[in-house]
Amino acid sequence: MKRPWQGQVEPQPLETVPRHDPLNPLCPGATRANGEVNPLYDGTFLFDNDFPALQPNAPDPGPSDHPLFRAEAARGVCKVMCFHPWSDVTLPLMSIPEIRAVIDAWASVTEELGAQYPWVQIFENKGAMMGCSNPHPHCQVWASSFLPDVAQREERSQQSFHSQHGKPLLLEYGHQELLRKERLVLSSEHWLVLVPFWAVWPFQTLLLPRRHVRRLPELTPAERDDLASIMKKLLTKYDNLFETSFPYSMGWHGAPTGLKTGATYEHWQLHAHYYPPLLRSATVRKFMVGYEMLAQAQRDLTPEQAAERLRALPEVHYRLAKKDKETATTA
């Protein structure tokens with residue numbers, strides 16, 4: 001963290017994005033790549049991805065002629081969900097009822113696609129630094145015919161812990177973090193936000209329900225309201241850290257679905273991961289290279305230091321604070 005930096009410096013993200021651009025394919029009323037015209041939506045908007053990575057009718061690769069070369073068909077569907085009709089807002093700048101509408105849409109699409117597919121991955125890439133190709137507030141939903149690698153690892157670890165201790169791993173972990181408070185960033189009636197003990201990204205966080213919940217559709221109305229509130233607080237703190245629209249990749253992990261819903265999956269606990277790349281400033285990021293790629297992740301600051309910095313940040317967005325200050329000055 002202290003060594004001189006002469007490496008890559010990222011450009012500052014645009015502070016002003018047009019509220020509506022008729023050429024932006026995610027805006028209300030815009031024409032997308034497939035020729036379809038978006039409705040004049042005023043809330044969330046879910047549609048099939050025009051460039052899907054998964055197809056429901058992907059061909060079978062056929063038998064392998066050698067044990068070192070194995071392949072199976074990866075089938076599924078990909079969708080895009082717009083959070084808001086305006087391009088110049090992000091989740092921390094949305095109202096709590098607007099964020100609650102996004103949560104309801106997440107739960108609904110999980111239930112819909114989970115009726116057929118064993119894994120429904122909701123994820124948001126925010127910012128050009130994380131590969132987001134469009135500034136309009138949105139996320140993606142990929143439903144697959146298989147459990148991806150990370151989901152398989154989480155399945156094994158949670159199943160193993162439950163078999164040994166008789167309780168869900170992440171429920172017990174959240175309880176322990178709440179007692180210790182070293183890595184706790186935010187807590188509310190129904191949710192915890194913490195920098196996990198095993199974090200590898202500088203300001204990585206984990207979002208956990210305080211009761212045993214397996215999947216998003218199981219959240220009660222009160223838990224959804226509280227989730228909207230704590231998400232707004234967390235993402236505001238992220239933006240306030242370096243006074244920039246903080247980039248990240250985030251995603252929800254819940255118990256497998258589809259034909260696998262017959263299993264109880266009592267060992268699973270719903271959770272969301274946030275992986276932000278920024279390290280020192282709005283323009284200097286963490287690079288996972290060299291030793292991290294070839295040996296093991298190493299931390300530039302401890303989870304406890306990261307949690308302390310995030311805890312100390314205000315919960316009023318810096319842009320709103322500046323606007324209030326300018327208003328007071330001119331009044």
Side-chain angles (χ1 to χ4, degrees), residues 103 106-107 110-111 114 117-124 142-144 146-220 222-224 226-227 230-231 234 248-276 296-299 302-304 306-307 310-311:
I103 293 164
W106 281 342
T110 299
E111 196 162 33
Y117 292 100
W119 189 255
V120 180
Q121 183 60 67
I122 295 169
F123 64 96
E124 179 194 2
W142 293 13
S144 61
F146 57 93
L147 289 190
D149 292 347
V150 174
Q152 288 188 42
R153 290 199 297 272
E154 290 195 357
E155 162 65 19
R156 288 193 298 268
S157 60
Q158 290 181 99
Q159 176 67 69
S160 174
F161 185 90
H162 194 272
S163 297
Q164 293 178 50
H165 303 281
K167 58 183 75 171
L169 184 158
L170 287 177
L171 191 64
E172 172 63 15
Y173 174 68
H175 176 68
Q176 288 297 320
E177 290 287 20
L178 189 58
L179 291 175
R180 298 164 191 258
K181 294 183 170 55
E182 300 169 291
R183 290 166 289 273
L184 195 65
V185 177
L186 289 163
S187 63
S188 64
E189 182 181 358
H190 299 289
W191 294 90
L192 301 175
V193 176
L194 51 95
V195 179
F197 183 72
W198 58 85
V200 295
W201 291 98
F203 296 99
Q204 176 178 337
T205 55
L206 185 70
L207 178 56
L208 284 169
R210 293 178 69 160
R211 75 170 177 98
H212 186 203
V213 181
R214 297 172 303 167
R215 304 179 182 96
L216 275 166
E218 297 174 13
L219 294 174
T220 66
E223 287 169 332
R224 297 183 189 198
D226 199 27
L227 174 57
I230 206 165
M231 279 177 57
L234 170 63
Y248 59 74
S249 280
M250 70 80 65
W252 284 98
H253 284 170
T257 52
L259 298 176
K260 296 181 179 293
T261 52
T264 59
Y265 285 103
E266 290 302 311
H267 53 285
W268 266 88
Q269 176 74 337
L270 175 71
H271 58 283
H273 297 281
Y274 283 85
Y275 300 130
Q296 176 177 309
Q298 61 89 29
R299 289 200 55 92
T302 67
E304 294 78 17
L310 290 172
R311 270 197 308 270

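Everything numeric in this text was worked out from a predicted model, so none of it was measured.
In terms of heavy-atom proximity, Ala297 sits nearest to Val200 at CB-CG1, 3.3 Å. Summarising the geometry of Ser188 relative to Ile230, their closest heavy-atom pair is OG-CD1, 3.7 Å, with the distance given to 0.1 Å. Closest approach of Leu206 to His271, counting heavy atoms only: CD1-CD2, 3.8 Å. When all heavy atoms of Ala107 and Pro217 are compared, the closest pair comes out as O-CG, 3.5 Å. Pairing each heavy atom of Pro202 with each of Pro276, the nearest pair is CD-O, 4.1 Å. Nearest heavy atoms, Val195 versus Ala199: CG1-CB, 4.0 Å.
Here the OH-CZ distance, from Tyr173 to Phe161, works out to 12.0 Å after rounding to the nearest 0.5 Å. Summarising the geometry, atom NE2 belonging to His267 is positioned 11.5 Å from atom CZ belonging to Arg156; distances are rounded to the nearest 0.5 Å. One finds the NE2 atom of His212 at 9.5 Å from the CG atom of Leu170 (value rounded to the nearest 0.5 Å). From Lys181, atom NZ reaches atom CD of Gln176 across 11.5 Å, with rounding to the nearest 0.5 Å. With values rounded to the nearest 0.5 angstrom, Met231 atom CE is found 12.0 Å from Asp226 atom CG. Separating the CZ atom in Arg211 from the CD atom in Glu189 is a distance of 12.0 Å, to the nearest 0.5 Å.
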ask   = Stepwise, does the side chain to side chain contact (heavy atoms under 4.5 Å, CB included) test hold for His253 with Gln121?
value = CA-CA 7 Å; His253 284 170; Gln121 183 60 67; 3.2 Å; yes
task = Give the intermediate values and the outcome of side chain to side chain contact (heavy atoms under 4.5 Å, CB included) for residues Arg214 and Glu266.
result = CA-CA 7 Å; Arg214 297 172 303 167; Glu266 290 302 311; 4.0 Å; yes
request  = Report the C-alpha distance between Phe203 and Val185 in whole Å, list the side-chain angles of each, state the deciding distance to 0.1 Å, and finish with yes or no for side chain to side chain contact (heavy atoms under 4.5 Å, CB included).
outcome  = CA-CA 11 Å; Phe203 296 99; Val185 177; over 6 Å; no
query = Does the pair Arg153 and Val150 meet the rule for a side chain to side chain contact (heavy atoms under 4.5 Å, CB included), with working shown?
reply = CA-CA 5 Å; Arg153 290 199 297 272; Val150 174; 3.3 Å; yes
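Partners of His162 according to the ring-ring contact (aromatic ring centres under 6.0 Å, His included) rule, which considers only residues two or more places apart in sequence or in another chain, do not exist here.
Residues Leu178 and Arg210 are in side-chain contact: their nearest non-hydrogen atoms beyond the backbone lie under 4.5 Å apart. Leu186 is not listed as a side-chain neighbour of Thr205, based on a closest heavy-atom distance of 4.5 Å or more. Counting heavy atoms from C-beta outward, Glu218 and Leu270 have side chains that stay 4.5 Å or more apart.
Not a single donor-acceptor pair under 3.5 Å links the side chain of Glu177 to the backbone N or O of Leu184. Using a distance-only test at 3.5 Å, with no hydrogens or angles considered, no donor-acceptor pair links the side chain of Glu182 to the main chain of Pro303. Side-chain N or O atoms of Ser187 include none that pairs as donor or acceptor with a backbone N or O of Leu192 at under 3.5 Å. Looking at Arg224, its side chain does come within 3.5 Å of a backbone N or O of Leu219 through a donor-acceptor pair. Between the side chain of Arg215 and the backbone N or O of Gly254 there is no donor-acceptor pair closer than 3.5 Å. Distance alone, capped at 3.5 Å, is enough to place a donor-acceptor pair between the Gln158 side chain and the Gln269 backbone. Put simply, the side chain of Glu304 never gets that close to the backbone of Phe197: no donor and acceptor are under 3.5 Å apart. A donor-acceptor pair under 3.5 Å links the side-chain atoms of Arg299 to the main chain of Trp201, judged by distance alone. Counting only distance, with no hydrogens or angles, the side chain of Trp191 and the backbone of Leu207 share no donor-acceptor pair below 3.5 Å.
Residues Tyr265 and Glu155 have side chains that never bring a donor and an acceptor to within less than 3.5 angstrom of each other.
Below 30°, between 30° and 60°, or above 60°: for Trp268 and Trp119 the angle between ring planes is between 30° and 60°, a tilted geometry.
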